[in-house]
Amino acid sequence: MTISSLAKQLREAMHVVVFTGAGASAESGIPTFRDALTGLWERFNPAQLATPEAFRADPSLCWGWYEWRRQKVGQAQPNGAHLAIAELAKHVPRLTVVTQNVDDLHERAGSQGVIHLHGRLNSPRCIDCGHSYQLQESLEDLPEEGSRIEPPRCRACDGYVRPGIVWFGEMLPEDAWRAGLEAAEECDVFLSIGTSGIVYPAAELPLRALGHGATVVHINTVRFDVSSQEHFLQGPASARMKSLLQEAFGDIPAL
Ligand code: OAD
């Protein structure tokens with residue numbers, strides 16, 4: 001599909017879903033998980049950092065790693081892709097942003113009602129009683145990679161507060177998953193941006209959208225195989241989103 005026919009579909013759509021992965025935040029300097037050399041899972045072992053067992057075995061190592069990531073996000077700025085997604089909401093009757101990202105860059109770019117399938121770095125909870133907490137946005141120094149930081153204790157039960165992230169083997173937050181699924185099954189255009197699409201159940205969303213007749217477009221720096229009914233725009237998320245929006249809605253000064 002050419003960019004102009006895709007732009008036409010975007011102009012005519014009643015409901016657009018934008019589904020993002022780590023690649024959407026890459027241009028803000030936030031590392032992805034699986035990119036060669038720079039991906040977090042290329043350099044760190046998820047078994048030591050991204051399971052409830054890992055947290056119980058070494059809470060300070062685990063908490064320190066998420067604090068390092070959280071502070072990196074705190075120092076980053078939304079990039080052109082986040083801004084274009086927030087801008088798109090002004091041009092279509094309905095836009096739903098569903099993200100696998102645990103940062104708050106969509107919100108800081110101006111997107112509202114973002115569905116976080118994999119939790120949020122700023123919203124940890126007690127590992128024992130589930131009491132939830134909100135961490136402050138503004139942070140001091142970036143801790144060293146691999147620093148140990150003792151997690152805070154829960155005010156209600158004195159258990160350790162754990163990162164509010166969905167770890168391997170855990171269920172997605174039920175409300176977020178249901179809302180993501182409903183949006184995917186209801187939309188006319190589904191833009192999947194900067195995700196390797198290999199982590200389920202999140203990766204099911206483009207398939208659900210396709211199954212319900214939506215136009216599904218993948219935007220990624222690296223081309224991968226998609227079915228003949230899906231579309232691919234290869235390149236960085238910020239540049240591809242900007243050209244798509246300009247093609248669909250004319251010059252947008254904010255981008
Ligand atoms: P991945 O690291 O698996 O994939 C990132 C994708 O972004 C890759 O396909 C890259 O080619 C692409 N990419 C990189 N830079 C880009 C750019 N500037 N523009 C467009 N695309 C770019 O990250 P996710 O798919 O998000 O889970 O990974 C899914 C889940 O796996 C994450 O949510 C995380 C991880 O384990 C949890 O934290 C629960």
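Computed from a prediction, not measured in an experiment: that's the story for all the values here. Start at 1 and go down the list; that is how both ligands and their atoms are numbered.
- Distances between N or O atoms of Gly194 and those of ligand 1 include at least one value under 3.5 Å.
- The closest protein non-hydrogen atom to atom 13 (N) of ligand 1 is Thr221 OG1, 3.4 Å.
- Protein heavy atom in closest approach to atom 11 (O) of ligand 1: Asn220 OD1, 2.7 Å.
- Ion pairing of Arg153 with Asp128 is absent here, as no side-chain N (NZ or NE/NH1/NH2) approaches a carboxylate O to less than 4.0 Å.
- In this structure, Trp167 falls outside the shell of residues with a heavy atom less than 4.0 angstrom from ligand 1.
- The neighbour count for Glu174 CD, taken as heavy atoms of other residues, nucleotides or ligands under 6.0 Å away, does not exceed 12.
- For the pair Arg125 and Tyr133, the NZ or CZ position fails the cation-pi test of under 6.0 Å to the six-membered ring centre and within 45 degrees of the ring normal.
- With no hydrogens or angles considered, a side-chain donor-acceptor pair links Thr2 and Ser5 at under 3.5 Å.
- Taking hydrophobic clusters as Ile, Leu, Val, Met, Phe, Trp and Tyr residues chained together by side-chain heavy-atom distances below 4.5 Å, Leu172 does not share a cluster with Val114.
- In this structure, His106 and His82 have perpendicular ring planes: the angle between them is above 60°, well past the 30° mark.
- Other residues, nucleotides and ligands place more than 12 heavy atoms under 6.0 Å from the CZ atom of Arg43.
- Ring pair Phe33/Trp41 is tilted by interplanar angle, where 30° to 60° counts as tilted.
- Looking at Ser147 and Glu144, their side chains never bring a donor and an acceptor atom within 3.5 Å of each other.
- Atoms of ligand 1 found under 4.0 Å from any heavy atom of Phe168 (numbered from 1 in listed order, with element): 36 (O).
- Which parts of ligand 1 touch Gly21 is read off a 4.0 Å heavy-atom cut-off, strictly below it: atoms 26 (O).
- Taking the charged nitrogens against the carboxylate oxygens, Asp103 and Lys72 have no contact shorter than 4.0 Å, which rules out a salt bridge.
- Contact annotation for Ala22 and ligand 1: heavy atoms of both the backbone and the side chain come within less than 4.0 Å of the ligand.
- Ranking the protein heavy atoms by distance from atom 18 (N) of ligand 1 puts Glu27 OE2, 3.1 Å first.
- Of the protein's non-hydrogen atoms, Trp41 NE1, 2.9 Å is the one closest to atom 36 (O) of ligand 1.
- Ranking the protein heavy atoms by distance from atom 20 (C) of ligand 1 puts Ala237 N, 3.6 Å first.
- Here the protein heavy atom with the shortest distance to atom 39 (C) of ligand 1 is Val166 O, 2.8 Å.
- Residue His118 has at least one nitrogen or oxygen atom sitting less than 3.5 Å from a nitrogen or oxygen atom of ligand 1, judged on distance alone.
- Of the N or O atoms in Phe224, none lie within a sub-3.5 Å distance of an N or O in ligand 1.
- Residue Val199 touches ligand 1 through its side chain alone, judged by heavy-atom distances below 4.0 Å.
- Salt-bridge annotation for Glu67 and Arg70: present, with a side-chain N of the basic residue lying under 4.0 Å from a carboxylate O of the acidic one.
- Distance from atom 31 (O) of ligand 1 to its nearest protein heavy atom, with residue and atom name: Arg34 NH1, 3.0 Å.
- Close approach to Pro236 involves these atoms of ligand 1, each under 4.0 Å from a residue heavy atom: 19 (N).
- For ligand 1, the atoms sitting less than 4.0 Å from at least one non-hydrogen atom of Ala26 are 15 (N), numbered in the order shown with element in parentheses.
- Close approach of ligand 1 to Val222 is summarised as follows: ligand atoms under 4.0 Å from at least one heavy atom of the residue are 11 (O).
- Checked by atom type, the side-chain pair Gln234/Asn220 shows no donor-acceptor distance below 3.5 Å.
- For the ligand labelled ligand 1, residue Val102 lies outside the 4.0 Å heavy-atom shell.
- Counting only heavy atoms of the protein, atom 25 (O) of ligand 1 lies nearest to Thr195 OG1, 2.7 Å.
- A salt bridge does not link Lys242 with Glu27: every distance from a Lys NZ or Arg NE/NH1/NH2 to an Asp or Glu carboxylate oxygen is 4.0 Å or more.
- Polar contact check, Asp35 against ligand 1: no nitrogen or oxygen pair lies under 3.5 Å apart.
- Between Phe33 and ligand 1, an N or O atom pair is found at a separation short of 3.5 Å.
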